[in-house]
Structure formats: structure tokens, C-alpha cells
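Worksheet for the structure shown next.
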Number of protein chains: 2
Amino acid sequence: MDYPRTVSTNALRADSARARARMLRAARKLVAAGDLELPMNAIAKAAGVGVGTVYRHFPSRQALLESLAAERLALLVDEAERAAAEPDVAAALARLLRAALEHQLGDPTLAAVLAEPEAARAETRSLSQALTAAVIRLLERAHAAGEIRPEITAEDLQALLCGLQHAVKVRGGTDNDRYLAILLRGLRA
Amino acid sequence: MDYPRTVSTNALRADSARARARMLRAARKLVAAGDLELPMNAIAKAAGVGVGTVYRHFPSRQALLESLAAERLALLVDEAERAAAEPDVAAALARLLRAALEHQLGDPTLAAVLAEPEAARAETRSLSQALTAAVIRLLERAHAAGEIRPEITAEDLQALLCGLQHAVKVRGGTDNDRYLAILLRGLRA
DNA sequence: ACCTGAACACCGTTCAAGT
DNA sequence: ACCTGAACACCGTTCAAGT
């Protein structure tokens, strides 16, 4: 007897999911246009929903940012896990840092999320934990191999990368490789 | 016969100067409270003037920021000029970078101004030029002494320092010396 | 349950009116 | 000349009212 109810619930959910997708698309359009402020009212209008609906789906600007960044953050986690498993530690470190830098430059929402000390969404929290865990494993191997100064922690690496991203952005987006090389040289034991 | 007019002009100017000082004080108070947004209306109210007066003195938020940062920027220029003249090139480089980092951490308005590619005020422009000139002189000596990689320019140094400041801030403001050491090691030839 | 959008408080910016 | 502050447009956020 709950079949109709299920169907109607599904219908509601499908609708809700479509609205959510429209909001995310509208937000991405704003980001692509260089606007990271993500005005809730503007998103509501562009997505054809009431403001309250935007707030229901994304209780804060930070939550919205994290939803936008989630996909790329997941890609970065993959990359970090591959790096942690890669035999050549020095190459793995270089590749991971470069990937992290490029993902941040390619998506300003990811840079914003990584610069934030706390996650607003559970998904972000678990992805961040996975990222940190993989970096820690890589770092342990790098320390064991004497590839990197012993006092460098995973948090240091994350902060330094945030900084590097900032430096590259200040200069207009070129120079990634040069600045990356400077960081890698500075990290070496 | 223009004596009275002069006097009255002076009176106006004194008044205007006092109002200006009140606005700057109000703005500094906001910055000290951690608010870098500097709402013009809030400053007007706190300084006891109309909003229009704030706009007359500071035509944009950027101009206001630069006015707030000017004093410290001048200090930094002094520091850079001393560094350019200091015999021990390596020590001069280290001292300048550390001073620049600490000035930025001590005053977020300076960090904001240094991260901006263009200056809104003429004073800022000339201070920035003096800063760049001093850094170039120091860099030439460092290159001649083989103390620093040859491809590093003054603009690179500025961007990297912006990044370093960002990295330190992300981590909560400790770690300046450790991160500075990493940058210096990375810059070395 | 979920959605809507009016309503309130706020801020940026301009400009007609005052002195 | 300089200053004032009302006025307009905008945005964040909430919540009573609708379905």
C-alpha cells in the first residue's frame, strides 16, 4: 500500500534533485564569470526557485562552495592516493603538488574550500580526511627516504600549497612550474 | 585683503583634516576588529560625517585601504632601502623578506594592498615604485653574488611573499620563520 | 514535507539641497 | 567649495503563508 506514496516521494525527490542541479548550474555559471560571491538571490532567480529553496539545499555560502568543489576535491583525493602508492617518492610528491596546484587554479571554489579551516558539509569533511590521510602516507615515505625535511607536516604542505596558489594567482596564472620548483627545492632535506 | 579668506580656508582645512583623521581612526578600528570590508556607511557614522564626505576623501574602498596601509608601506620601503645597501647580501635578503612578512601579518591592509596589481592612489604608486626599485637593486647584487637563482625577478619575489603570507595566515599565524626558511632555501642558486 | 517570496535589515553609491 | 543625508538599487536571511 505504500507504493503510491513511494512513487510520489520519488516524484518529489526527482523534482528536488532537478532544482538542485539547476541551482548548482547557476552557481557554476557565476563562478565561471569570475564571481565567487555567489549571491543566493541571484542563484534563486537563475534557477527559477524561491530563495528559501536555495537556503534549504545549501544552508550557507560555504556549504554551496563545498558542493561546487566536491567533484574536483574527489579527483584530488584520487590523485593523492595514487601518489601515496607510487614507488618513486620524489616523483610522486612533485606530481601531487602539481596536480593540487592545477586543480586549485582550474577551480577557484576548490582553492576557497582548501583555504578554509573547517568544512561545513560532511562530504567535504570525509574527503578532506581522505586527502590528509593519503598525504600523510606519502609524507612518511618521503621522510623515510630522506626526500623532504623531517619537520614538514601534512598541514604545512597544505598551507604552503595554498600560498603557492595565491602567489601564482597574484601574478596572473603563469609561472606555476617555476614556483612549484622553488617550493620543492625548499622542502628538500 | 585675502588674509581673511586664507584664514577661513585654513579653518576649513583644519576641520577637514580632523574629519579625515576621524574617518581613518574609525576604519582602523574596524580593521582591528577583524573586518576588512570597511563599510563606508559604518565609517561615516563612526566618524560623525555624512557618507558623501567619506567618498570625497576616499573615492573607493581601495583608496581607503591604501591610505590605511601607507604608513607601514613607507616603513617597508625604508627597510628595503637599508637592505639594498647592506653589505651582506644573503643576510639582507633574509631580513627584508622577514620584515615584509611581518609587516603584512601585522597589518592586513598592507597585505591587501601588496596583493593588488594596481594602486588607486598616487602616493601608493610612488611608494610601490620605490619598493620595487630597492628590491631590484638588492636582487642584482644577489644575482651577482650567486646567492639566488638567476631567473628570479622582483615581481617573483613579491608574488612569492604574498603567497607565503597567505600560507602563514591559513595556518593561523605561527610558522613564519619555518616557512620563510623554506622559501629562502628554494630561492637559493 | 517542501516551496514561495514578501519583509526586514543592511550596504554601496549618487546627487539635490543646504552651508 | 564643501558637507549632508535621503534615495535608489541591491543582497543576506528569515518566516508566515501556501501547496
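Note that the coordinates shown come from a computational prediction; the quantities given were computed from them, not determined experimentally. The chains referred to below are lettered A, B, ... by the order of the sequence lines, with proteins before strands, and numbering in each begins at 1.
- The nearest pair of heavy atoms linking A:Arg141 to A:Ala84 is NH1-O, 2.6 Å.
- Atoms CG (A:Asp15) and C1' (C:dC2) sit 10 Å apart, rounded to a whole Å.
- Between A:Val51 and B:Thr53, it is B:Thr53 whose nearest contact on DNA chain D lies nearer the 5' terminus.
- Counting to the nearest Å, the C1' atom of D:dG12 and the CG atom of A:Leu30 are 15 Å from each other.
- The minimum heavy-atom distance between A:Asp175 and A:Val168, with the atom names listed, is O-CG2, 4.4 Å.
- A:Thr124 pairs in a side chain to side chain donor-acceptor pair (under 3.5 Å) with only one of the listed residues (A:Glu66, A:Glu116, A:Glu118), which is A:Glu66.
- For the pair B:Lys45 NZ and D:dG5 P, the computed distance is 11 Å after rounding to whole Å.
- At a threshold of 4.5 Å between side-chain heavy atoms, the hydrophobic network of Ile, Leu, Val, Met, Phe, Trp and Tyr places B:Val135 and B:Leu187 in one connected group.
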Could you list all N or O pairs between the protein and nucleotides 8-11 of chain C that sit under 3.5 Å apart?
none

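- Between the side chain of B:Thr53 and the backbone N or O of B:Val49 there is no donor-acceptor pair closer than 3.5 Å.
- Summarising the geometry, the separation between CZ on B:Phe58 and P on C:dG12 is reported as 15 Å, rounded to the nearest angstrom.
- Regarding contacts with the backbone of C:dC3, a side-chain N or O of A:Ser16 is found under 4.0 angstrom from either OP1 or OP2.
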> Would B:Glu102 and B:Arg98 count as a salt bridge (Lys or Arg N to Asp or Glu O under 4.0 Å) if you check the C-alpha gap in whole Å, the side-chain angles of each, and the deciding distance to 0.1 Å?
Replying inline: CA-CA 6 Å; B:Glu102 274 167 10; B:Arg98 161 191 281 261; 3.5 Å; yes

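- Stem analysis of DNA chain D (at least three stacked-register Watson-Crick or G-U pairs, each with both distances under 3.5 Å) gives C:4-8 with D:12-16, C:12-16 with D:4-8.
- For C:dC3, one of the phosphate oxygens OP1 or OP2 lies less than 4.0 angstrom from a side-chain nitrogen or oxygen of A:Arg56.
- A salt bridge links B:Glu86 to B:Arg95: one of the charged nitrogens lies within less than 4.0 Å of a carboxylate oxygen.
- Between the CD1 atom of A:Ile43 and the P atom of D:dT13 there is a distance of 12 Å, rounded to whole Å.
- Mapping B:Pro59 and A:Gly52 onto DNA chain C by nearest heavy atom places A:Gly52 closer to the 5' end of the strand.
- More than 12 heavy atoms of other residues, nucleotides or ligands sit less than 6.0 Å from atom CD of A:Glu151.
- Following rounding to the nearest Å, A:Tyr55 (OH) and C:dA6 (P) show an atom-to-atom distance of 16 Å.
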>> Does B:Glu79 form a salt bridge (Lys or Arg N to Asp or Glu O under 4.0 Å) with B:Arg82? I'd like the steps, not just the answer.
In response: CA-CA 5 Å; B:Glu79 210 101 46; B:Arg82 271 199 298 279; 3.4 Å; yes

